[in-house]
Amino acid sequence: MTNEQHAENMTLAPGVVDTIISLTASEQEGVASIGTPAGGFLARIINRPTTSGIQTRYDDEGKIEVVLHVVVEYGQVLPELADKLRQAIADALLVQVGVEVASIDVFVDGIQFGEN
């Protein structure tokens, strides 16, 4: 999780950017959970999004670099889903907190078969 951040003349509490990323990724069709398969199970138990599969850091230009780990639903076209995730997250961060994205690396840590 990232420490306190400054963006667009405001200070963000630790975890705000990670929460935006988690919520945005969770809303994408084909994403079963964020993080490892065990992390998705934990998110369902506590009934809130998890940020355990998200790492962020700022580069020298003040742009954010994101590493996102997801579990996807069986049958998804992985390159297309990764592109959708990158675009949705970049848009959400720019609109909601005014942060430009340098890179978003998406790692598929598992595939969910059927309903759990």
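Computed from a prediction, not measured in an experiment: that's the story for all the values here.
- In this structure, Leu78 is a member of the same hydrophobic cluster as Val31, with clusters built from ILVMFWY side-chain heavy atoms closer than 4.5 Å.
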Q: Given side-chain contact (heavy atoms from CB on, under 4.5 Å), test Val70 with Asp109 step by step and report yes or no.
A: CA-CA 6 Å; Val70 295; Asp109 289 345; over 6 Å; no
**Q.** side-chain contact (heavy atoms from CB on, under 4.5 Å) between Asp83 and Glu80, worked out
**A.** CA-CA 5 Å; Asp83 286 342; Glu80 291 176 10; 5.7 Å; no
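- Here the shortest heavy-atom pairing between Ala25 and Leu68 reads CB-CD2, 4.1 Å.
- Atom-to-atom distance recorded for Asp105:CG and His69:NE2 is 9.0 Å, nearest 0.5 angstrom.
- For the pair Gln28 (side chain) and Gly30 (backbone), a donor-acceptor distance under 3.5 Å is absent.
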Q: Check step by step if side-chain contact (heavy atoms from CB on, under 4.5 Å) holds for Val99 and Leu94.
A: CA-CA 5 Å; Val99 175; Leu94 185 60; over 6 Å; no
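- Arg86 places a side-chain N or O within 3.5 Å of a backbone atom of Ile104 that can act as its donor or acceptor partner.
- Interatomic distance, CD1 of Ile64 versus CZ of Arg57, reported as 10.5 Å (0.5 Å rounding).
- Across all non-hydrogen atoms, the minimal contact from Ile20 to Ala92 is CG2-CB, 4.1 Å.
- By the side chain to side chain contact (heavy atoms under 4.5 Å, CB included) test, Glu29 pairs with Lys84, sequence neighbours left out.
- Atoms CG and CD, from Leu81 and Glu73 in turn, are 9.0 Å apart once rounded to the nearest 0.5 Å.
- Clustering of Ile, Leu, Val, Met, Phe, Trp and Tyr side chains at separations under 4.5 Å leaves Val95 isolated, with no partner residue.
- In terms of heavy atoms, Ala102 sits closest to Asp59 at CB-OD2, 3.4 Å.
- Under a hydrophobic clustering in which Ile, Leu, Val, Met, Phe, Trp and Tyr are joined whenever their side-chain heavy atoms come within less than 4.5 Å, directly or via other members, Val72 and Val67 fall into different clusters.
- The closest donor-acceptor contact from the side chain of Thr19 to the backbone of Gly15 lies under 3.5 Å.
- In this structure, Asp18 CG and Ile34 CD1 are separated by 11.5 Å, a value rounded to the nearest 0.5 Å.
- In the hydrophobic cluster analysis, where Ile, Leu, Val, Met, Phe, Trp and Tyr join through side-chain heavy atoms closer than 4.5 angstrom, Tyr74 is grouped together with Val106.
- When the side-chain hydrogen bond (donor to acceptor under 3.5 Å, both in side chains) test is applied to Asp91, the partners found at least two apart in sequence or on another chain are Gln87.
- In this structure the side chain of Ile21 reaches within 4.5 angstrom of the side chain of Val66, judged on heavy atoms.
- Other residues, nucleotides and ligands contribute at most 12 non-hydrogen atoms within 6.0 Å of the CD atom of Glu100.
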